[in-house]
Amino acid sequence: MAPSDTPKKSFHVAVCGGGIGGLCMLIGLLHQNISCTLYESAAAFAEIGAGVSFGPNAIRAMSLIDPNIKKGYDKIATSNAWPEKKKFWFEFNLGPKEDGWKDVKAPGKEGQRIAQVVALDVGQSSVHRAHFLDVLVNLVPDGVAQFGKRVERVDERGQKMLLTFHDGSTAEADAVIGCDGVKSRTRQILLGEAHETTNPTFTGKYAYRGLIPMEKAAGALGDELARNSQMYMGRHGHVLTFPIENGKTMNVVAFQTKMDGSWGDERWVLPMKKEDMFADFAGWGDSVLKILSLMEKPDVWALFDHPPAPTYFKGRFALLGDAAHASTPHQGAGAGQAIEDAFILSNLLGQVNSIEEIENAFHAYDAVRRPRSQKVVATSRDAAKIYEFEDEELNTDLELIKRRLEMRYDWIWNEDLPQQLTKAQSIMGVRASL
Ligand SMILES: Cc1cc2nc3c(=O)[nH]c(=O)nc-3n(C[C@H](O)[C@H](O)[C@H](O)COP(=O)(O)OP(=O)(O)OC[C@H]3O[C@@H](n4cnc5c(N)ncnc54)[C@H](O)[C@@H]3O)c2cc1C
């Protein structure tokens, strides 16, 4: 990895969007001593008040980009409270009452434990999103980010890339990285508005999200279920909980299936009607009903993901994070992929010595990142089918489900990121020699 005292590079990079992906990319570029500006459409950096969990791969990627990200993360990260449960990612339990299964026979009793999935040395590791964003923002020097800059166009103008913003202003850069999230404008520009993979697709699932003060959650559920991450599985729905904010708060996401597969509303996040949520979870057991009744200010989120894009770059213009590969959250891996992207791309750009070589770096980034991140998107959809007894092979066979759950995340969590970078560097070298 290049130390931050390497000579300043001769090119300037524009990063579009200041979420987890854009900020990690920016920090990576700064760490490589690459001149860069981040353009964020909002008036300030902001994240929603919810939890986000990271797998071992994502946490390693933080360290590899800049050890200060990991240091800051460690200060705010929360894991399961009980020592004997520290290594569990989730414990999987049956959620509905025995007579509450919609169209299949109950495979067991409500509350029955199906599996305990171990995530290496990390277990369940989560943060409050807004607090993690603060960690990242604190690593960005003044003057590098500009706000109120909604990117509308990206054009090649001779040697330069020209960005045009909603307010009519423009900016130049030598390379552009679109990190503007699932509804990405930069993806539309790069792939083309009419391209069949440009627009996100409704996945047929939606989720109620909310937080519960831990004391209330523990009072209702008992310490074991409240203070340690749990997943409640049922037919066409599942509910997950994990502790955040040093155990002061329980994060809840309660998933359901839209049986007609379509989402009619232009808005993807709607205020939630409690009666709709309880109707969705009719027939579920005590633990889940208590969780739902305690959720504070929940809202409902339609879950969209991206069809696999044929490329993540075009010339000196690339996509990163959700703009490239928005995923459902069923493996808790979407933001982690954005951090991996930032590790690989910032290091590749750190080896670029001239504007002409930037495209080689983007080519290598695309070659290693696209297959892996698109596999995360596809397997994330599959994960929900398992949790919701919709997987045709596993169906309601609890023993098969247990075995599948216990090993299905290993390829995400065990990734050797330095090795991935070495592979990308060699692809970049080969391309440079052509
Ligand atoms: C319900 C749910 C739960 C999830 N849980 C997890 C989890 O536990 N673990 C995990 O790893 N992932 C999780 N994810 C996925 C994760 O949230 C995303 O992968 C991650 O936040 C993407 O980060 P990003 O920076 O790419 O995009 P975003 O966070 O969407 O950031 C995009 C930024 O770009 C800005 N922007 C938008 N348009 C423009 C424009 N035209 N010009 C300039 N700026 C613009 C936006 O204001 C925003 O700041 C979850 C997702 C959902 C929906």
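Whatever order the structure lists ligands and atoms in, that order sets their numbers, starting from 1.
Within the structure, the closest approach of Val52 to ligand 1 falls below 4.0 Å when heavy atoms are considered. Put simply, no part of Ala207 is less than 4.0 Å from ligand 1, judged by heavy atoms.
Side-chain N/O atoms of Gln331 and Thr379 include a donor and acceptor closer than 3.5 Å. A donor-acceptor contact under 3.5 angstrom links the side chains of Glu390 and His236, judged on distance only. A side-chain donor-acceptor contact under 3.5 Å links Asp280 and Tyr208. Using a 3.5 Å distance cut-off with no hydrogens or angles, the side chains of Gln124 and Ser126 do pair a donor with an acceptor. A donor-acceptor pair shorter than 3.5 Å cannot be found between the side chains of His31 and Ser346. Defined by atom type and a distance below 3.5 Å, a donor-acceptor pair is present between the side-chain atoms of Glu152 and His166. Thr328 and Asp305 share no donor-acceptor pair across their side chains, judged by distance under 3.5 Å alone. In this model, no donor atom of one side chain and acceptor atom of the other lie less than 3.5 Å apart for Gln112 and Asn93.
Applying the 4.0 Å criterion to heavy atoms of Gly21 picks out, from ligand 1, the atoms 24 (P), 25 (O). Here is the list of ligand 1 atoms found below 4.0 Å of a heavy atom in Arg150: 38 (N), 41 (N), 42 (N). Near Ala333, meaning under 4.0 Å from any of its heavy atoms, are these atoms of ligand 1: 10 (C), 11 (O). Using a 4.0 Å cut-off to heavy atoms of Gly18, the atoms of ligand 1 that qualify are 33 (C), 34 (O), 49 (O). Near Gly336, with a cut-off below 4.0 Å to any heavy atom, the atoms of ligand 1 are 11 (O). Counting the atoms of ligand 1 from 1 in the order shown, those under 4.0 Å from a heavy atom of Gly321 are 26 (O). Close contacts between ligand 1 and Arg209 involve ligand atoms 1 (C), 2 (C), 3 (C) [criterion: under 4.0 Å to a heavy atom]. Against a heavy-atom cut-off of under 4.0 Å, Lys149 is close to the following atoms of ligand 1: 42 (N), 43 (C).
Considering only non-hydrogen protein atoms, atom 36 (N) of ligand 1 sits nearest to Ser41 OG, 3.4 Å. When hydrogens are left out, the protein atom nearest atom 11 (O) of ligand 1 is Ala335 N, 2.9 Å; that is the closest non-hydrogen contact. In this structure, the protein non-hydrogen atom closest to atom 13 (C) of ligand 1 is Arg129 NH2, 3.8 Å. Among protein heavy atoms, atom 48 (C) of ligand 1 sits closest to Glu40 OE1, 3.6 Å. For atom 34 (O) of ligand 1, the closest non-hydrogen atom of the protein is Gly17 CA, 3.3 Å. Of the protein's non-hydrogen atoms, the one nearest atom 32 (C) of ligand 1 is Cys179 O, 3.4 Å. When only non-hydrogen protein atoms are considered, atom 9 (N) of ligand 1 lies nearest to Ser53 O, 2.8 Å. For atom 19 (O) of ligand 1, the nearest non-hydrogen atom of the protein is Asp322 OD1, 2.7 Å.
Proximity of the aromatic rings of Phe92 and Tyr387 is defined here by a centroid distance below 6.0 angstrom, and this criterion is met. Between Phe147 and Phe45, the distance from one ring center to the other falls under 6.0 angstrom. In summary, the aromatic rings of Phe255 and Tyr206 are positioned with their centroids too far apart to meet the 6.0 Å limit.
Any N or O atom pair closer than 3.5 Å counts here, and Val253 shares no such pair with ligand 1. Checked against a 3.5 angstrom limit, the closest N/O atoms of Arg185 and ligand 1 fall outside it. Considering both main-chain and side-chain atoms, Val151 comes within under 3.5 Å of ligand 1 through a nitrogen or oxygen pair. Looking at Gly332 next to ligand 1, an N or O pair under 3.5 Å apart turns up. Here's the thing with Cys16: none of its N/O atoms is less than 3.5 angstrom from an N/O atom of ligand 1. Note: no N/O pair closer than 3.5 Å links Trp301 and ligand 1 by distance alone. Considering backbone and side-chain atoms together, Pro329 places no N or O closer than 3.5 Å to any N or O of ligand 1.
For the salt bridge (Lys or Arg N to Asp or Glu O under 4.0 Å) test with Glu91, the passing option among Lys402, Arg113, Arg227 is Arg113; the others fail.
When heavy-atom distances to ligand 1 are checked against a 4.0 Å cut-off, Ala50 has no atom that comes that close, whether in backbone or side chain. Within the 4.0 Å heavy-atom criterion, the part of Tyr39 lying near ligand 1 is the backbone and not the side chain.
Cation-pi check for Lys205 over Trp263 is not met; the charged atom does not lie both under 6.0 angstrom from the ring centroid and within 45 degrees of its normal. Arg209 forms a cation-pi arrangement with Trp301, by the criterion of a distance under 6.0 Å to the ring centre and an angle within 45° of the ring axis.
Among residue pairs with one or both ends in residues 51-77, those qualifying as ring pair (Phe, Tyr, Trp, His ring centres under 6.0 Å) are Phe54-Tyr73, Phe54-Phe132, Tyr73-Phe132; sequence neighbours excluded.
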